[in-house]
Amino acid sequence: MKEIILIKNGEIALKGLNRSTFEDTMIRNIKRRIAHIGKIEVRKSQSTITVTPKDEFFDMDAAVDIIKKVFGIKALCRACEIEKDIEVIKKTCKSYLENDLLNAKTFKVIAKRSDKKFPLNSPQICREIGGYLLSKFRNLSVDVINPEVTVVIEIRDQFAYIHSSQLEGAGGMPTGTGGRAMLLISGGIDSPVAGYMLAKRGVELSAVHFASPPYTSDRALEKVKDLLRQMTLYTGRIKLYTVSFTEIQEKIRDQIPEEYSTLVMRRFMMRIASEIAKKDEAKALITGESLGQVASQTLDAICCTDAVSKMPVFRPLIGMDKEEIIEISRKIETFEVSVQPFEDCCTVFTPKHPKTKPEMDKLVAVEDVLNVDALVENAVNNTETEFIWFK
Ligand code: ATP
Ligand code: MG
């Protein structure tokens, strides 16, 4: 009996002439993520992709767990691939789904016949298989409305497939089909969620983190890497740029009035991130800002920071409440890492009374005491890079 994984495309199916490119990217992503488990063969047919293990000891559970997190997939299931012969199909339904069927009281059969040359039509297949299973499992009766087990039989070009429960996929678009963007990642709850949301729409992520040693510790930087590592389960490999931010933060602390310090700092982040993004061929920045969450995220404050970015800034959390953000961060399992108590460069230098309604002219005048261009250039040149990858 040969077990495979059946994958149903999501939105990709609507992509007309580009569909094949989207599918190929998704298949490449699946292969990369699965590589450490074993060799697979991937085939496309209609709106379905089949993943067939080539190794005898291939870990199907682990593979399903990984594929569940690959964007572009609507649903997936383990299925049995067999010859298109009704007698073989009957016997395989009984043996392959025996555990499910023995433990249920009700079931129904759904047949999908895309090979119209198959001698039985879908209602006939349902009747044959349903009758056979009723005769073999005395515990079962048919319930077409709300069955405990749904036996699905798909008759396709080459083979027939049998499966029962279907798992929900990660949805979205395959990572890499939407270009690249640069995520500003802190160690907090919000920024990993923001990155996840753009990656879900097909965007490949790079990331930039501002560290201020010795005010921020090595452990705080490790936490950021742990967050990214967790995100790579969804996003694939991420290139991390770590900017040494200490010099700029000390200059701000010493030369900028305290109430403006956070905004000046955030404008530096935007400028530096834009420069690094340009070098990285990323076309947009992503932040975890949410309107009104803190002083630097009021509409006036966001206008001040947005003004210095050289590219679009995506803020996918802008209209979300903290609870909604936390719900996603729990789902993608970054929450547990985010709440570890390590200081961030923002928290170390937080002023007591930050401006919530800054005026741009005043801010620009205040900032003028610093040699902005030179500081930005220096920070960009003092950036370390490394790839973060789960496996
Ligand atoms: P988060 O939970 O993501 O830390 P936050 O609510 O703490 O967000 P801020 O500290 O004001 O908000 O930061 C807003 C956004 O700025 C973050 O979501 C992130 O995108 C970016 N950011 C903040 N600190 C850093 C940092 N040290 N390095 C890179 N980006 C940062
Ligand atoms: Mg933060």
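Remember, it's 1-based here, ligands and their atoms both numbered in the order they're listed.
Here is the list of ligand 1 atoms found below 4.0 Å of a heavy atom in Ile189: 2 (O). Less than 4.0 angstrom separates some heavy atom of Thr287 from each of these atoms of ligand 1: 20 (O). Those atoms of ligand 1 with a heavy atom of Gly188 less than 4.0 angstrom away are 1 (P), 2 (O), 4 (O). Taking every heavy atom of Gln293 and a limit of under 4.0 angstrom, the matching atoms of ligand 1 come to 5 (P), 6 (O). Of all atoms in ligand 1, numbered sequentially from 1 with element shown, those under 4.0 Å from a heavy atom of Val208 are 29 (C). Below 4.0 Å from some heavy atom of Ile185 lie the following atoms of ligand 1, by number and element: 26 (C), 28 (N), 29 (C), 30 (N). Below 4.0 Å from some heavy atom of Gly288 lie the following atoms of ligand 1, by number and element: 17 (C), 18 (O), 20 (O).
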Candidate pair Ser191 and Ser186, rule side chain to side chain donor-acceptor pair (under 3.5 Å), full reasoning:
CA-CA 6 Å; Ser191 38; Ser186 65; 3.3 Å; yes
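Not less than 6.0 angstrom separates the ring centroid of Tyr161 from the ring centroid of Tyr96.
The number of heavy-atom neighbours closer than 6.0 Å to NZ of Lys322, taken from other residues, nucleotides and ligands shown, is above 12.
Considering backbone and side-chain N/O atoms, Lys322 never comes within less than 3.5 Å of an N/O atom of ligand 1. Considering backbone and side-chain N/O atoms, Leu184 comes within less than 3.5 Å of an N/O atom of ligand 1. Considering backbone and side-chain atoms together, Phe210 places an N or O closer than 3.5 Å to an N or O of ligand 1.
Looking at Leu240, Ile276, Val208, Thr242 one by one, the single match for side chain to side chain contact (heavy atoms under 4.5 Å, CB included) with Thr383 turns out to be Ile276.
Smallest separation of non-hydrogen atoms from Met231 and Tyr196: CE-N, 4.0 Å. Smallest separation of non-hydrogen atoms from Ile37 and Ala63: CD1-N, 3.7 Å.
Linking ILVMFWY residues whenever their side-chain heavy atoms come closer than 4.5 Å, directly or via other members, places Ile155 and Leu133 in the same cluster.
The main-chain N or O of Ser290 is found under 3.5 Å from a side-chain atom of Gln297 such that the two form a donor-acceptor pair. Remark: side-chain polar atoms of Arg201 are not paired, donor with acceptor, to backbone N or O of Gly178 under 3.5 angstrom.
Selection from His209, Gln297, Arg315, Met270 by nearest heavy atom to atom 14 (C) of ligand 1 gives Gln297. Taking all heavy atoms of Arg266, Met269, Met265 into account, the minimum distance to atom 16 (O) of ligand 1 is reached by Arg266. Selection from Ala194, Ser186, Ser191, Ala273 by nearest heavy atom to atom 25 (C) of ligand 1 gives Ser186.
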